[in-house]
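Comments concern the structure below.
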Amino acid sequence: LQRRAGLIAGPATPEEERVSRRVRGVLHYDDPERLRLLADPARLTEAIAAESGYPYRLARQVLTTLVGEAEVASDPESALATVLNASIVHSELRQVAELLEDQARALTQPLTEAPGTPLQLHAHYTRAEIAEALGFRARGWQTGVRYVEDLNLDVLLVTLRKVESRFTPTTMYADAFVSPTHFHWESQSLTARNSAAGRRYLSGGSNVTLFVRIEHDERYMALGRLFLEKAEGDRPIRIDWRLENRVPETFYVRAMRIAA
């Protein structure tokens, strides 16, 4: 828009075009850490240089959104250079960050069950951003579950409105909120009670954390740690979980409308 108005001379660089096309991808950001990096992309440099740890994973989250998962996975320094060389877009990113900060509805806090990871309770994430935060790549992660061994963490990803065109008959699980503090969930159809995952779920041998989105094209909200209340059946196991933290009211109301 600034070029069309004559405020910026010359054609856009490939880096500017690439990053500007992906600015819409940050509109779900609603936690202060990602918004700070978005407002000042130069902060990404030190974080990527660390090559490990919390700041590194946080920076990879943001770069995954601004550049793409594939480039971040293969060459994070190149992904960083793409963003830094798109300096004309930085002012737009800062304005977007300020707007998103004003619009943020929920107060976020770190996920206690995933210490040392850039994941915040009641913040929204893509599947790729969740994977980057937990230290692995999302490519190939097609299911709604993942066990992160170094954190002893079972991650559950749930889409409430399941459309037949996107789900097979064996994955149309009956997942739903029972109340703002209780969630009914079905394991994968082949998960047996005596399997490694089944034993973890039923014994409390791991920390279990829940991410939920209502529609397929939305981002997942981090809803925090789950505790087993009741389990029935086998392949799949039908589990009633208790949430450590209440679901935000606006999200819960939307979810119940879907259920109705």
**Item:** Partner of Asp30 by side chain to side chain donor-acceptor pair (under 3.5 Å), out of His122, Arg219, His124
**Value:**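 Exactly one pass, corresponding to His124.
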Please identify each residue that fulfils salt bridge (Lys or Arg N to Asp or Glu O under 4.0 Å) with [X], with sequence neighbours left out.
| X | result |
| --- | --- |
| Glu17 | none |
| Arg200 | Asp154 |
| Asp40 | Arg43 |
| Arg246 | none |

Distance check, rounded to the nearest 0.5 Å: [X] atom [atom1] versus [Y] atom [atom2]?
| X | Y | atom1 | atom2 | result |
| --- | --- | --- | --- | --- |
| Trp241 | His182 | CH2 | NE2 | 12.5 Å |
| Thr13 | Ile88 | OG1 | CD1 | 8.0 Å |
| Gln109 | Asp31 | CD | CG | 12.5 Å |
| Glu16 | His90 | CD | NE2 | 9.0 Å |
| Asp240 | Lys230 | CG | NZ | 5.0 Å |
| Leu100 | Glu98 | CG | CD | 10.0 Å |

Hey, quick one: are [X] and [Y] part of the same hydrophobic cluster, counting side-chain heavy atoms closer than 4.5 Å, chains of contacts allowed?
| X | Y | result |
| --- | --- | --- |
| Phe251 | Ile258 | yes |
| Leu107 | Leu35 | no |
| Phe227 | Leu223 | no |
| Met256 | Val178 | no |
| Leu228 | Val212 | yes |

**Prompt:** Apart from Leu151 itself, which Ile, Leu, Val, Met, Phe, Trp or Tyr residues share its cluster (side-chain heavy atoms under 4.5 Å, direct or through members)?
**Reply:**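 Its cluster partners, ordered by chain and number, are Leu111, Leu119, Leu121, Tyr125, Ile130, Leu134, Phe136, Trp141, Val148, Leu153, Val155, Leu157, Phe211, Tyr220.
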**Asked** Does any pair with a residue in residues 55-66 pass side chain to side chain donor-acceptor pair (under 3.5 Å), and if so which ones, sequence neighbours excluded?
**Response**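 Qualifying pairs, neighbours excluded: Tyr29-Thr65, Tyr56-Arg60, Arg60-Glu132, Thr65-Glu129.
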**Member of Arg22, Arg18, Arg137 meeting the salt bridge (charged side-chain N to carboxylate O under 4.0 Å, His left out) criterion with Glu71** =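 Among Arg22, Arg18, Arg137, the one that satisfies the salt bridge (charged side-chain N to carboxylate O under 4.0 Å, His left out) with Glu71 is Arg18.
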Can you sort out the partners of [X] under side chain to side chain donor-acceptor pair (under 3.5 Å), two or more places apart, ordered by chain and number?
| X | result |
| --- | --- |
| Arg146 | none |
| Asn152 | Tyr147 |
| Glu69 | none |
| Thr181 | Ser179 |

With heavy-atom distances below 4.5 Å as the criterion, would you say the side chains of [X] and [Y] are in contact?
| X | Y | result |
| --- | --- | --- |
| Leu63 | Thr82 | no |
| Thr159 | Arg213 | yes |
| Gln120 | Pro110 | yes |
| Thr117 | Tyr54 | no |
| Trp185 | Val208 | no |

Whether the side chain of [X] engages the backbone of [Y] through a donor-acceptor N/O pair (distance < 3.5 Å, no angle test) should be reported.
| X | Y | value |
| --- | --- | --- |
| Glu15 | Asn85 | no |
| Arg199 | Asn194 | yes |
| Ser78 | Asp75 | no |
| Ser195 | Thr191 | no |

Taking every non-hydrogen atom, the tightest pair across [X] and [Y]:
| X | Y | value |
| --- | --- | --- |
| Ala47 | Pro55 | CB-O, 3.4 Å |
| Tyr201 | Ser187 | CE1-CB, 4.4 Å |
| Ala128 | Ala138 | CA-CB, 3.6 Å |
| Thr108 | Pro32 | OG1-CD, 3.5 Å |
| Asp234 | Ala192 | OD1-CA, 3.1 Å |
| Gly198 | Ile237 | CA-CD1, 4.0 Å |

**Item:** Audit row: Phe183, Asp175, side chain to side chain contact (heavy atoms under 4.5 Å, CB included) steps and yes/no
**Value:** CA-CA 7 Å; Phe183 189 75; Asp175 304 321; 3.9 Å; yes
**Exceeds 12 heavy-atom contacts within 6.0 angstrom, atom CG of Leu202** =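 More than 12 heavy atoms, drawn from other residues, nucleotides or ligands, come within 6.0 Å of this atom.
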**Prompt:** Taking only residues two or more places apart in sequence, or in another chain, which ones meet Arg254 in a side-chain contact (heavy atoms from CB on, under 4.5 Å)?
**Reply:**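 With sequence neighbours excluded, Arg254 shows a side-chain contact (heavy atoms from CB on, under 4.5 Å) to Ile214, Glu215, Glu218, given in chain and number order.
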**Message:** For Val23, give me all partners under side-chain contact (heavy atoms from CB on, under 4.5 Å), at least two apart in sequence or on another chain.
**Reply:**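 By the side-chain contact (heavy atoms from CB on, under 4.5 Å) rule, Val23 matches Val89, Glu92, Leu93, Val96.
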